[in-house]
Chemist: 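Would you mind keeping the following structure in view while I ask a few things?
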Amino acid sequence: MQDYLKRKLRDVLDAFDDDVPDDFEPELETPANPEHGDLSTNTAMRLPPHLKRPPREIASDLVGRLRERLDPERIRAVEVAGPGFVNFRFADDYLWNGLSQILAADDYGRTKAHSGQRALVEYVSANPTGPLTVGHGRNAVLGDTLANLLEWTGYEVEREYYFNDAGRQMRILAQSVRARYEAFADPDAPTRPIEEDGNIEEVPASFPEEGYRGQYIIDIARDLYDDDPDLLDADDLAPFRDAAEEAIFTEIEDTLNRLGIEMDRYFNERDLYDEGRVEAVLERLREVGVTYERDGATWLRTTDFGKDKDTVLVKSNGEPTYRLPDIAYHDDKFARGYDRIVDVFGADHVATYPDVLSALDVLGYDTDERVSVLVYQFVSLVRGGEPVTMSTRAANYTTLNELMDEVPSDVVRFFFLMRSPNTHLDFDLELARERNEKNPVFYLQYAHARISSILDKAEEVGFDYNAEPELERLTHDAEKALIKELLKLPDEIAGAADMMAPHHLADYLRDVATAFTAFYGDCHIIGEERPLAVARMHLALAARTVLANGLAVLGINAPESM
RNA sequence: GCGCCCGUAGCUCAGCUGGAUUAGAGCAGCGGUCUUCUAAACCGCAGGUCGCAGGUUCGAAUCCUGCCGGGCGCGCCA
């Protein structure tokens, strides 16, 4: 409907006046107040600067011309209101036709705006140095849901996890495991104290600076020692690193699976080196002249791109910083021919990604057009309104598995999605655990379960879907309001995808559940005369489809009963 | 010091993409509603100088400037 009206508005404007700019895009919105109609446009109020006429006059002119062109089976009224709004009211026929379209498609909500296009969503991308934390969880769920949203707007989507198992972090990880292993091999090995946050802990003397201190390291070392106690003879870190990587990766995949996430590809940074892509990209940057040598290191002249400092690409020891392979990685993504490349990462990276984008621009890629970055703010764990110990840092120490041991994964997903990615998230553990009306997840799932139950009962009583429903019997205000709400699903999904804002869909689904409940309160199915009951049954079925599909996009289960 | 994000009802937040009709929701509070399809629900009431101060405009929560408060960054770490 929005597309239809925009098209008609554009037609009218074309015939209207030469002073209307060619790139003028009509905007439509749903008025906050239903008395103002079903859709509204501010077009007339945006034109006075171009037309030199008052907005209300333009509005009446628009309305006059629109009335001739609009299909009365879709729009039953167009009117001028307020300072110059043009308000549209849907015809009942439009609602009934729309409802039958919902009933005709199991995947109602899916649109084709981007069909034939390919998108890559890269998310999580944590190096295998330890279990995923609550902070990674927000990344994972946002990325996965955005991937779903893109799929529902027609993209062919690939989900990718990028990691690096060759760098300094992994070396320290291997050393950490080795030090713990030594302690199993020789319980009398010397130890030394380490202090952090005021706590003192004894670790093996060979434990590296900034080593990984979690219990999981000790577990990995013990398993490795039980398996093969003679690894210290050869002075080789590889077995320790390999064992750690394998164990940690297995756990990461397992954690993601618990969240309903399955990656299409795990992309290892090492491949970029093996294929010479890192060196090649550096060479191209050199050719373009945006690099220079200083103090034995190779620098990227990021001050040319508005930064206040230049950036090291290759350290004086010859080892690249992570930025260079990052650029090579994105070069590879472009080479793979995606129409859309999406990166998901936390606010702690906002200062560095412009370097990568700038380098890609220099290499000739249109990053504005093809790369989008979804940045999310940090997560705090809260219990009953009180911050969990260590305040915001708790979220970076609590593992996702621990969180999911306490809170169902559906709730975890929803909580990570229900706020704008741009705002700091308070994850209230107490609220998340409640199975009642306070918890918005259960409100949605309950609505779905309730519809399922009603439909089951209606069938038991003898109503069925076989009869062609007389949808024109749906004339009650609550019925029409519900249909209008249901018909928004495609626009809501497309809008949430375009704005990379999954929380809009979550908010919308609550509105759907509310509209259904209002209908449920006003309109009975069982007990009504057959044609009306069958029509309402179909309306309930459509509502269930919308809820189920919306929840599917969010990656949340839609239970048949609760 | 510099950059980015946030500041809207008691609490948690929508709304801000170059503005627009009386600023919304959930929870908490108060008052109602189950002999009828799931009360894990619904209805009603109350609750806000949209951080502060200017500016632009016919009109600003939304745009601009400055300030205040909170978060995150500012490595030859990732």
Side-chain angles (χ1 to χ4, degrees), chain A residues 27 29 31-33 35-36 40 42 45-46 48 54-55 81-85 87 125-127 129 163-164 167-169 172 210 294-299 306-309 311-323 325-326 345-352 354 375-378 380 382 385 391-392 418-428 431 434-440 442-443 445-447 449-458 460-461 463 495 498-499 501 503-504 506-507 510-511 513-514 517-518 520-528 533 536-537 540 561-562:
Chain A
E27 291 171 9
E29 60 175 12
N33 184 341
E35 287 175 20
H36 297 137
S40 178
N42 61 0
M45 288 182 290
R46 291 168 57 212
F85 288 96
N87 295 337
S125 293
N127 278 343
T129 56
F163 72 102
N164 152 25
R168 172 175 167 274
Q169 285 183 58
I172 293 173
E210 299 177 62
R294 190 179 77 202
D295 305 332
T298 303
W299 296 70
K307 282 297 197 76
D308 51 8
K309 286 179 190 169
T311 305
V312 172
L313 289 180
V314 183
K315 302 183 233 176
S316 52
N317 67 5
E319 212 176 294
T321 64
Y322 72 96
R323 250 172 274 244
D326 260 12
F345 54 65
D348 51 340
H349 287 249
V350 287
T352 68
V375 176
Y376 61 92
Q377 302 293 321
F378 279 23
S380 300
V382 171
S391 76
T392 66
M418 71 180 175
R419 302 297 179 215
S420 161
N422 235 351
T423 52
H424 186 100
L425 176 69
D426 279 339
F427 193 115
D428 193 324
L431 175 61
E434 297 199 42
R435 315 188 101 251
N436 59 34
E437 76 284 358
K438 290 184 195 171
N439 190 328
F442 284 93
Y443 182 73
Q445 294 187 321
Y446 176 73
R450 184 189 242 174
I451 298 172
S452 300
S453 159
I454 292 165
L455 292 177
D456 286 350
K457 190 143 291 182
E460 278 174 30
V461 182
F463 297 122
D498 287 347
M499 296 177 71
H503 66 288
H504 287 328
D507 287 347
R510 189 178 38 70
D511 291 342
T514 300
T517 313
Y520 170 80
D522 289 348
C523 306
H524 270 236
I525 297 175
I526 296 165
E528 296 293 341
R536 284 181 173 171
M537 207 178 156
S561 66
M562 290 175 76

Chemist: Please classify the nucleic acid contact of A:N42 as base, sugar-phosphate, or nothing, using heavy-atom distances under 4.0 Å.
Modeler: nothing
Chemist: Counting the atoms with a prime plus P, OP1 and OP2 as sugar-phosphate, which does A:Y520 contact under 4.0 Å by heavy atoms, base, sugar-phosphate, or nothing?
Modeler: base
Chemist: Which base sits across from B:G7 as a Watson-Crick or G-U pair, both distances under 3.5 Å?
Modeler: B:C68
Chemist: Mind checking the C1' distance from B:U17 to B:G32? Whole angstroms is fine.
Modeler: 43 Å
Chemist: Roughly how many Å is it from CG in A:D456 to C1' in B:U38, rounded to a whole number?
Modeler: 12 Å
Chemist: State the NZ-CD1 distance between A:K457 and A:I525, to the nearest 0.5 angstrom.
Modeler: 12.0 Å
Chemist: Could you tell me whether A:T517 contacts a base, only the sugar-phosphate backbone, or nothing, with contacts defined as non-hydrogen atoms closer than 4.0 Å?
Modeler: sugar-phosphate
Chemist: P atom, B:G66 versus B:U62: distance in rounded Å?
Modeler: 16 Å
Chemist: Assess whether side-chain contact (heavy atoms from CB on, under 4.5 Å) is satisfied between A:F427 and A:V382, documenting all intermediate values.
Modeler: CA-CA 6 Å; A:F427 193 115; A:V382 171; over 6 Å; no
Chemist: C1' atom, B:A60 versus B:G55: distance in rounded Å?
Modeler: 11 Å
Chemist: Rounded to whole Å, how long is the line connecting atom CZ of A:F345 with atom P of B:C5?
Modeler: 13 Å
Chemist: Just the rounded figure in Å: distance from P of B:G26 to CG of A:N439.
Modeler: 15 Å
Chemist: Give the rounded distance in Å between these two atoms: CE of A:M418 and P of B:G15.
Modeler: 14 Å
Chemist: Do A:T311 and A:W299 have side chains that approach each other closer than 4.5 Å (heavy atoms only, starting at C-beta)?
Modeler: no
Chemist: Identify whether any heavy atom of A:S40 sits under 4.0 Å from a base atom; if not, whether one sits that close to sugar-phosphate; answer base, sugar-phosphate or nothing.
Modeler: base
Chemist: Would the base of B:U12 count as contacting A:D428 through its side chain, where contact means a donor and an acceptor less than 3.5 Å apart?
Modeler: no
Chemist: Any side-chain heavy atom of A:P421 within less than 4.5 Å of one from A:H503?
Modeler: yes
Chemist: For B:U17, which nucleotide is its Watson-Crick or G-U wobble mate, given both distances must be under 3.5 Å?
Modeler: none
Chemist: So does A:K457 get a side-chain nitrogen or oxygen closer than 4.0 Å to the phosphate oxygens (OP1/OP2) of B:U38?
Modeler: yes
Chemist: Rounded to the nearest 0.5 Å, how far does CD of A:Q445 lie from CG of A:N439?
Modeler: 8.5 Å
Chemist: Please pick, from B:A14, B:A20, B:A40, the nucleotide with the shortest atom-to-atom distance to any side-chain atom of A:S420.
Modeler: B:A14
Chemist: Remember a base hit wins even if backbone is also touched, and classify A:S452 as base, sugar-phosphate or nothing at under 4.0 Å, heavy atoms.
Modeler: nothing
Chemist: Return the nucleotide paired to B:A41: Watson-Crick means purine N1 to pyrimidine N3 with N6-O4 or O6-N4, wobble means G-U with N1-O2 and O6-N3, both under 3.5 Å.
Modeler: B:U33
Chemist: Would you say A:R450 reaches B:A39's phosphate, i.e. side-chain N/O to OP1/OP2 under 4.0 Å?
Modeler: yes
Chemist: If pairing requires Watson-Crick or G-U wobble contacts with both distances under 3.5 Å, which nucleotide is the partner of B:G1?
Modeler: B:C74
Chemist: Using a 4.0 Å heavy-atom cut-off, does A:A449 contact any base of the nucleic acid, only the sugar-phosphate backbone, or nothing at all?
Modeler: base
Chemist: Stacking between A:H424 and the base of B:C5 (centre distance under 5.5 Å, interplanar angle under 30°)?
Modeler: no
Chemist: Mind checking the C1' distance from B:G70 to B:U8? Whole angstroms is fine.
Modeler: 16 Å
Chemist: Closer to the 5' end of RNA chain B via nearest nucleotide, is it A:H503 or A:A458?
Modeler: A:H503
Chemist: When the P atoms of B:U65 and B:A9 are compared, how many Å lie between them, rounded to an integer?
Modeler: 25 Å
Chemist: Using atom CE of A:M45 as one end and atom C1' of B:U57 as the other, report the distance to the nearest whole Å.
Modeler: 14 Å
Chemist: Taking the C1' atom of each, how far is B:G24 from B:A61, in whole Å?
Modeler: 12 Å
Chemist: Within the 4.0 Å heavy-atom criterion, would you say A:N87 contacts the bases, only the backbone, or no part of the nucleic acid?
Modeler: base
Chemist: Using a 4.0 Å heavy-atom cut-off to protein, can you give one letter per nucleotide of nucleotides 73-78 of chain B, 5' to 3': B if the base is in contact, S if only the sugar-phosphate is, - if neither?
Modeler: SSSBSB
Chemist: Write down the distance between CZ (A:F463) and P (B:C37), rounded to a whole number of angstrom.
Modeler: 14 Å
Chemist: Tell me whether the side-chain N/O atoms of A:N422 come closer than 4.0 Å to OP1 or OP2 in B:C6.
Modeler: yes
Chemist: Tell me the interatomic distance from A:Q445, atom CD, to B:A41, atom C1', rounded to whole angstroms.
Modeler: 16 Å
Chemist: Syn if the chi torsion is within 90° of 0, anti otherwise; quick check, which is B:C34?
Modeler: syn
Chemist: Flag the pair A:D348 / A:F378 as yes when at least one side-chain heavy-atom distance between them is below 4.5 Å, and no otherwise.
Modeler: yes
Chemist: How long is the line joining CZ of A:R419 and P of B:G7, in whole Å?
Modeler: 13 Å
Chemist: Taking for each residue the nucleotide of RNA chain B bearing the nearest heavy atom, is the 5' side occupied by A:P421 or by A:A81?
Modeler: A:P421
Chemist: I'd like the P distance from B:C67 over to B:C58, given in whole Å.
Modeler: 28 Å
Chemist: Which base sits across from B:C50 as a Watson-Crick or G-U pair, both distances under 3.5 Å?
Modeler: none
